[in-house]
Amino acid sequence: MSGVAGQIVDRDFFARDPLELAPDLLGKLLVGPCGRGRIVEVEAYRGEEDPASHAFRGPTPRNRVMFGPAGHLYVYRSYGMHWCANVVASHPDRAGAVLIRALQPVGPIDEMSRRRPAARRPEDLANGPGKLCAALGITGDHDGLDLLSPDAGVRLADDGVEPPTSPTTGPRVGISVAADRPWRFSLPASRFRSRPVPVP
DNA sequence: ATAGAGATTGCCT
DNA sequence: GGCAATCTCTATA
């Protein structure tokens with residue numbers, strides 16, 4: 001199954017169409033200031049041709065990172081109270097990002113649990129875009145950071161787990177426009193996807 | 001200037 | 001299942 005977890009440092013891995021990058025993020029490890037988890041569900045968002053994307057109507061103070069280099073982290077405030085994390089994709093001159101929707105908690109479970117007091121079961125620690133940011137300690141302070149930087153507060157690691165050959169796909173959650181596009185990707189066997197695993 | 005919707009979550013009945 | 005919390009942006013005036 002796996003080797004030693006190593007940070008992803010290949011810019012070209014990120015500089016692709018979000019539709020290509022999204023499924024390749026499944027199985028990777030998201031490492032935050034307060035914990036880490038395995039990515040099990042993501043959504044692709046494009047730019048001007050995607051009405052559901054924050055980048056659809058051009059740059060604003062909030063979404064400016066989506067128009068910057070691939071491999072950076074785009075963190076936005078959702079409904080005035082939650083943080084949501086995206087990996088910037090696409091090309092330098094084209095906006096695009098992949099929203100991280102759910103993680104399988106890896107640890108430390110006790111600290112993640114302290115940050116998610118409402119989670120009654122371990123699988124509820126990070127099974128939502130706002131929940132996973134709370135569990136890992138990701139906030140607006142991390143907006144725009146470079147995921148390829150070795151000392152970044154948020155990083156992306158590969159421990160040898162291969163992306164699924166046939167990811168589960170479906171419509172993106174919580175949107176009303178372009179809701180017919182099946183741009184949500186998740187690991188199969190989703191019923192178990194957010195359950196924590198022992199730290200190796 | 002003001003109003004309404006939104007890539008959400010948790011608590012209420 | 002309903003609904004409140006509350007920031008950012010868009011539409012309308």
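A note on names: the letters A, B, ... follow the listed sequences, proteins ahead of strands, and every chain is numbered from 1.
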K.L.:
Looking at A:Gly68 and A:Val88, what are the two nearest heavy atoms and their distance?
P.N.:
O-CG1, 3.8 Å
K.L.:
Could you state the atom-to-atom distance from CZ of A:Arg116 to P of B:dT8 in whole Å?
P.N.:
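After rounding, the gap between these two atoms is 14 Å.
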K.L.:
Tell me whether the side-chain N/O atoms of A:Arg184 come closer than 4.0 Å to OP1 or OP2 in B:dA7.
P.N.:
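No, A:Arg184 has no side-chain N/O under 4.0 Å of OP1/OP2 on B:dA7.
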K.L.:
Counting just side-chain N and O atoms, does A:Arg101 come under 4.0 Å of either OP1 or OP2 of B:dT8?
P.N.:
yes
K.L.:
Among B:dT8, B:dA7, B:dT9, which is the nearest nucleotide to the side chain of A:Tyr79?
P.N.:
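Taking heavy atoms from C-beta onward, the closest nucleotide is B:dT8.
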K.L.:
Which is true for A:Ala52 with a 4.0 Å heavy-atom rule: it touches a base, it touches only sugar-phosphate, or it touches nothing?
P.N.:
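Base contact.
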K.L.:
Using whole Å, what does the distance between atom C1' of nucleotide B:dA7 and atom CG of A:Leu73 come to?
P.N.:
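That distance rounds to 15 Å.
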K.L.:
From the set B:dA7, B:dG6, C:dT6, return the single nucleotide nearest to any side-chain atom of A:Met81.
P.N.:
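Given the options B:dA7, B:dG6, C:dT6, the side chain of A:Met81 is closest to C:dT6.
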K.L.:
Between B:dT9 and A:Ser78, is there an OP1 or OP2 to side-chain N/O distance shorter than 4.0 Å?
P.N.:
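Looking at the OP1 and OP2 atoms of B:dT9, neither is under 4.0 Å from any side-chain N or O of A:Ser78.
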K.L.:
Does the pair A:Tyr45 and A:Val98 meet the rule for a side chain to side chain contact (heavy atoms under 4.5 Å, CB included), with working shown?
P.N.:
CA-CA 6 Å; A:Tyr45 286 89; A:Val98 178; over 6 Å; no
K.L.:
B:dA5 C1' sits how many Å from A:Tyr76 OH, rounded?
P.N.:
14 Å
K.L.:
For A:Phe185 versus A:Leu26, what's the shortest heavy-atom pair and its separation?
P.N.:
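Answer, listing the atom of A:Phe185 first, then A:Leu26: O-CD2, 3.8 Å.
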K.L.:
Would you mind reading off the distance between A:Met66 atom CE and C:dT8 atom C1', rounded to a whole angstrom?
P.N.:
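Atom CE in A:Met66 sits about 15 Å away from atom C1' in C:dT8.
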K.L.:
Rounded to the Å, how far apart are A:His54 NE2 and B:dA7 C1'?
P.N.:
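Whole-Å distance recorded here is 5 Å.
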K.L.:
Kindly point out which of C:dT10, C:dA5, B:dT9 is positioned nearest to the side chain of A:Arg57?
P.N.:
C:dT10
K.L.:
Which part of the nucleic acid, if any, lies within reach of A:Ile175 when heavy atoms closer than 4.0 Å are counted: base, sugar-phosphate only, or nothing?
P.N.:
sugar-phosphate
K.L.:
B:dT8 P sits how many Å from A:Leu125 CG, rounded?
P.N.:
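So the CG-P distance, A:Leu125 to B:dT8, works out to 19 Å.
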K.L.:
What nucleotide, of B:dA7, B:dC11, C:dC7, holds the atom closest to the side chain of A:Arg77?
P.N.:
C:dC7
K.L.:
The side chain of A:Arg62 is closest to which nucleotide in this list: C:dC9, B:dA7, B:dG10?
P.N.:
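The closest nucleotide is C:dC9.
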K.L.:
Does B:dA3 pair with anything, Watson-Crick or G-U wobble, both distances under 3.5 Å, and if so, with which nucleotide?
P.N.:
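Per the H-bond distance test, C:dT10.
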K.L.:
Assigning hydrophobic clusters by single linkage (Ile, Leu, Val, Met, Phe, Trp, Tyr; side-chain heavy-atom cutoff under 4.5 Å), is A:Ile138 placed with A:Tyr76?
P.N.:
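Not linked; separate clusters.
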K.L.:
Would you indicate, yes or no, if C:dC9 has its OP1 or OP2 atom less than 4.0 angstrom from a side-chain nitrogen or oxygen of A:Thr60?
P.N.:
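True: A:Thr60 side-chain N/O within range (under 4.0 Å) of C:dC9 OP1/OP2.
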K.L.:
Please state the C1' separation for the pair C:dG1 and B:dA7 - nearest whole angstrom.
P.N.:
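About 22 Å, rounded to a whole number of Å.
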K.L.:
So which one's nearest nucleotide on DNA chain B is more toward 5', A:Gly80 or A:Ala119?
P.N.:
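Upstream on the strand: A:Gly80.
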K.L.:
Counting side-chain heavy atoms from CB outward, which of B:dA7, B:dG10, B:dT8 is closest to A:His82?
P.N.:
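Among the listed nucleotides, the one closest to the side chain of A:His82 is B:dT8.
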K.L.:
Could you give the CZ-to-P distance, from A:Arg115 to B:dG10, as a whole number of Å?
P.N.:
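Distance check: A:Arg115 CZ to B:dG10 P gives 14 Å.
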K.L.:
State, to 0.1 Å, how close A:Asp143 and A:Val65 come at their nearest heavy-atom pair, and which atoms those are.
P.N.:
OD1-CG2, 3.5 Å
K.L.:
Would you kindly give the CG-to-P distance between A:Asn127 and B:dT8, to the nearest whole Å?
P.N.:
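Those two atoms, CG and P, are 13 Å apart.
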K.L.:
Where the side chain of A:Pro61 is defined as all heavy atoms beyond and including C-beta, which of B:dG10, C:dC9, B:dA7 is the nearest nucleotide?
P.N.:
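Of the options given, the side chain of A:Pro61 lies nearest C:dC9.
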K.L.:
Under 5.5 Å between ring centres and under 30° between planes: true for A:Tyr45 and the base of B:dA7?
P.N.:
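Yes; centroid distance and tilt both under limits.
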K.L.:
Looking only at heavy atoms, which two atoms of A:His72 and A:Gly144 are closest? And how far apart?
P.N.:
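Closest pair (atom of A:His72, atom of A:Gly144, distance): ND1-O, 2.9 Å.
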